K.L.:
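Take this structure first; my questions come after.
The first residue in the sequence is number 1, and the count goes up from there. Nothing here was measured: the structure is a model prediction, and the numbers come from that model.
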Amino acid sequence: MKQDTKARRVAAQLMAAALSVLLLFSLSGCSFFGPKEERTEWIVDGEYDPLDEEQTAAKLMGYIQAGDADSIYQVFSQTAKDNSNNLREKIEELIAFVNDEMVSWEYDIGGPFDSTFQDNKIMRNRMIEFFIQTEKTRYVCILRDVMQDEFNPDNEGFYSITVFPEELSRLCDYGSFEEGELGVFLSYQGETNEEGILENLLDLAESKDNSGIYNLFSEYAKENVPDLPGQIETLIDFLGKPIRSWEFEDCATEWVQLPGTDGKLLRRMTVFSLHTDEETYTLQIRDLINGSENGENLGLYSVAVHTEQYTGNCLDLGWRTPGIFIYQLTITPSTTQVQGGGVVWFTTSIEATVTSDTNDIVPKQIDALTWEVTLPADSPYTCGFTAMRGEEEVYCSVLNNK
């Protein structure tokens, strides 16, 4: 038996050595049959044949700088072409932005790869990230593609290209796989520091002027949000919290053609931080402007509030549809680690249901906002807990040091 084990080890070592040699040849661009031919095309016989990450970024930027919208359109998946009615127009906008504003670009990283295996079929996608530098702002450009999809080959090809100011990555990454939006998305660095819009909103909320807040909204929002008066009530209740301080954070704009409208409008997103004694909130106010940032203001499109724990869809923060969106649920443990088990209390900011990732750990509700959990000594090292209320869901964890 020992001799068989030794023999297997030797065989494994020899195989590893052989693979190392093959890898060395591969990385050096050589093969046993002559020099390896480098591929440069990403469409072969009408099908997407992905290049490596850095090649893909370089090829895309080459087509952009050459103004070749057709070649970029061609590499998008059939699904993206079918589900993005303004894809060509957005590609042209991307080309104009890069050629008018870009000073330089720099490749950053490729990946991670995400794979799905089921019924002997595979789906693989990836994310490629690089930077576009203008005179004033560094932009992140994220390219997502589906390298292979045996479940639905129409998904193979580019999925999305998303460009946004580097400081706004969490709020402007509209083309992620999780969000389900396909096409080209461009968010520009805003030039205005519009603090008056929040000051006006806070004053109206303090005086409980529902009609005044309603009149701040654009005709488009009024026509497309049937429950806008009810949402305003919720906003007034939220802004009734004692706000200790607030500050302007950032601003971004994007060109949009809203459903049911004829022309393009500039949609501006102004971001603020609101501080209460218990929590810091991010407030996003979107308004519609005709022409440019200095053009006629047509009123509010959406108002969205969320906590730092918010992990939901950024498109649901007043991007996808107009209206008012408030996500204020948080969960806070009494301690973030225990030694060999112990009792932990969880406090939620509003009434919610708390559950555990571990089946045999069942949180017990103490009162409307408090839950108690007893972690056994043999609990997992990381114990996760989720608070849920309606569509809101937040997460925290407690470490069990054994």
Side-chain angles (χ1 to χ4, degrees), residues 29 37-81 83-111 125-147 156-169 172-177 181-191 252-257 264 266-267 292-293:
E37 184 177 350
E38 183 178 354
R39 290 195 308 109
T40 59
E41 297 302 321
W42 51 24
I43 300 292
V44 177
D45 297 329
E47 296 183 357
Y48 184 51
D49 192 7
L51 302 171
D52 70 34
E53 290 82 7
E54 196 161 356
Q55 275 184 302
T56 300
K59 193 171 184 67
L60 171 63
M61 290 304 295
Y63 281 139
I64 289 174
Q65 291 175 288
D68 191 346
D70 290 338
S71 292
I72 299 172
Y73 180 84
Q74 181 187 31
V75 79
F76 271 87
S77 69
Q78 188 60 48
T79 301
K81 294 171 184 173
N83 289 277
S84 178
N85 57 15
N86 62 350
L87 181 57
R88 279 190 179 274
E89 182 180 349
K90 282 294 183 180
I91 292 172
E92 293 283 2
E93 183 183 339
L94 174 61
I95 288 172
F97 165 69
V98 169
N99 288 320
D100 291 346
E101 303 291 338
M102 187 182 77
V103 174
S104 62
W105 75 276
E106 177 188 1
Y107 175 79
D108 183 30
I109 193 170
N125 57 37
R126 66 179 172 179
M127 182 174 71
I128 301 169
E129 185 173 317
F130 54 95
F131 299 108
I132 295 173
Q133 183 68 52
T134 68
E135 287 187 359
K136 297 181 179 179
T137 306
R138 185 156 97 149
Y139 288 81
V140 177
C141 181
I142 300 179
L143 164 62
R144 292 175 172 90
D145 67 345
V146 177
M147 304 173 68
E156 295 177 355
F158 280 14
Y159 179 97
S160 67
I161 300 172
T162 310
V163 179
F164 49 83
E166 186 176 17
E167 299 301 319
L168 288 167
S169 59
C172 293
D173 187 6
Y174 302 129
S176 71
F177 290 118
E181 292 288 334
L182 299 91
V184 177
F185 306 90
L186 290 96
S187 296
Y188 304 97
Q189 183 65 59
E191 299 294 335
T253 62
E254 57 179 332
W255 288 104
V256 296
Q257 182 165 348
K264 292 192 299 181
L266 192 68
R267 183 167 63 188
S292 68
E293 279 193 79

K.L.:
Taking the six-membered ring for Trp, is the centroid-to-centroid distance between F164 and Y174 below 6.0 Å?
P.N.:
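Judged by ring-centre distance (under 6.0 Å), F164 and Y174 do not meet the cut-off.
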K.L.:
Once rounded to the nearest 0.5 Å, what's the spacing between atom CG of D108 and atom CD1 of I128?
P.N.:
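Answer for the CG-CD1 pair, D108 versus I128, is 11.5 Å.
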K.L.:
Which heavy atom of A252 sits nearest to which heavy atom of L168, and what is that distance?
P.N.:
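That closest heavy-atom pairing would be CB-CD1, 3.5 Å.
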K.L.:
Atom SG of C141 and atom CH2 of W105: how far apart are they, to the nearest 0.5 Å?
P.N.:
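The CH2 atom of W105 is 9.5 Å from SG of C141, to the nearest 0.5 Å.
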K.L.:
Does any N or O in the side chain of Y139 come within less than 3.5 Å of the main-chain N or O of Y188, such that one atom is a donor and the other an acceptor?
P.N.:
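No, Y139 side chain to Y188 backbone: no donor-acceptor pair under 3.5 Å.
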K.L.:
Any heavy-atom pair between the side chains of V98 and M61 that's under 4.5 Å?
P.N.:
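Sidechains of V98 and M61: in contact.
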K.L.:
Look up atom NZ in K136 and atom CD in Q189, then write down how far apart they are to the nearest 0.5 Å.
P.N.:
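That separation rounds to 9.5 Å.
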K.L.:
Indicate the atoms forming the closest heavy-atom contact of V184 with L87, along with that distance.
P.N.:
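Distance-wise, the nearest heavy atoms are CG2-CD1, 3.9 Å.
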K.L.:
Is there a side-chain contact between R126 and P50 (heavy atoms, below 4.5 Å)?
P.N.:
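In short, these two side chains touch, coming nearer than 4.5 Å.
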K.L.:
Could you check whether the rings of Y48 and F158 sit parallel, tilted or perpendicular, using 30° and 60° as the cut-offs?
P.N.:
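Ring orientation of Y48 relative to F158: perpendicular.
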K.L.:
What closest approach, in Å, do E53 and Y107 show between heavy atoms, and which atom pair accounts for it?
P.N.:
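Result for this residue pair: CB-OH, 3.2 Å.
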K.L.:
So is R144 actually on top of Y159's ring, under 6.0 Å and inside 45° of the axis?
P.N.:
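Ring-cation test returns no.
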K.L.:
Quick check: do V256 and E254 have side-chain heavy atoms less than 4.5 Å from each other?
P.N.:
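The answer is yes, as the side chains (C-beta and beyond) meet within the 4.5 Å cut-off.
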K.L.:
So, taking the atom named CD1 in I72 and the one named CD1 in I161, what distance separates them when rounded to the nearest 0.5 Å?
P.N.:
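If I round to the nearest 0.5 Å, the distance is 6.5 Å.
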K.L.:
When you compare the side chain of T134 with that of F97, does any pair of heavy atoms fall below 4.5 Å?
P.N.:
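Yes, their side chains come closer than 4.5 Å.
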K.L.:
Give the minimum heavy-atom separation between V103 and E135, together with the two atoms involved.
P.N.:
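Scanning both residues, the minimum pair turns out to be CG2-N, 3.7 Å.
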K.L.:
To the nearest 0.5 angstrom, please state how far the CD atom of E166 sits from the CD1 atom of I132.
P.N.:
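These two atoms lie 12.0 Å from each other.
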K.L.:
Does the side chain of Y63 come within less than 4.5 Å of Q65's, by heavy atoms?
P.N.:
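SC-SC contact between Q65 and Y63 ruled out.
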K.L.:
Starting from the C-alpha separation in whole Å, work towards a yes-or-no answer on side-chain contact (heavy atoms from CB on, under 4.5 Å) for Y73 and K81.
P.N.:
CA-CA 8 Å; Y73 180 84; K81 294 171 184 173; 3.7 Å; yes
K.L.:
Within the side chain of D145, is there an N or O that forms a donor-acceptor pair under 3.5 Å with the backbone of M147?
P.N.:
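No.
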K.L.:
What are the two closest heavy atoms between P165 and S187, and how far apart are they?
P.N.:
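The pair with the smallest heavy-atom distance is CD-O, 3.3 Å.
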K.L.:
Would L266 and E293 count as a side-chain contact (heavy atoms from CB on, under 4.5 Å) if you check the C-alpha gap in whole Å, the side-chain angles of each, and the deciding distance to 0.1 Å?
P.N.:
CA-CA 7 Å; L266 192 68; E293 279 193 79; 3.7 Å; yes
K.L.:
Which of these, I142, I109, L143, sits in a side-chain contact (heavy atoms from CB on, under 4.5 Å) with M127?
P.N.:
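Result: among I142, I109, L143, I142 is the only option passing the side-chain contact (heavy atoms from CB on, under 4.5 Å) with M127.
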K.L.:
To check you understand the geometry: which heavy-atom pair defines the closest contact between L182 and F185, and what is its length?
P.N.:
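Of all heavy-atom pairs spanning L182 and F185, the closest is O-CZ, 3.6 Å.
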K.L.:
How long is the straight-line distance from CG of L51 back to CG of L60, given to the nearest 0.5 Å?
P.N.:
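Going from CG on L60 over to CG on L51, the span is 11.5 Å.
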K.L.:
Backbone N or O of E89 within a donor-acceptor pair of the N86 side chain at under 3.5 Å?
P.N.:
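Flag not set: sc N86 to bb E89 has no pair under 3.5 Å.
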K.L.:
When you measure from the side chain of D173 to the backbone N and O of S169, does any donor-acceptor pair fall under 3.5 Å?
P.N.:
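No.
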K.L.:
Please check if the side chain of S84 supplies one atom and the backbone of G183 the other of a donor-acceptor pair under 3.5 Å.
P.N.:
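Absent.
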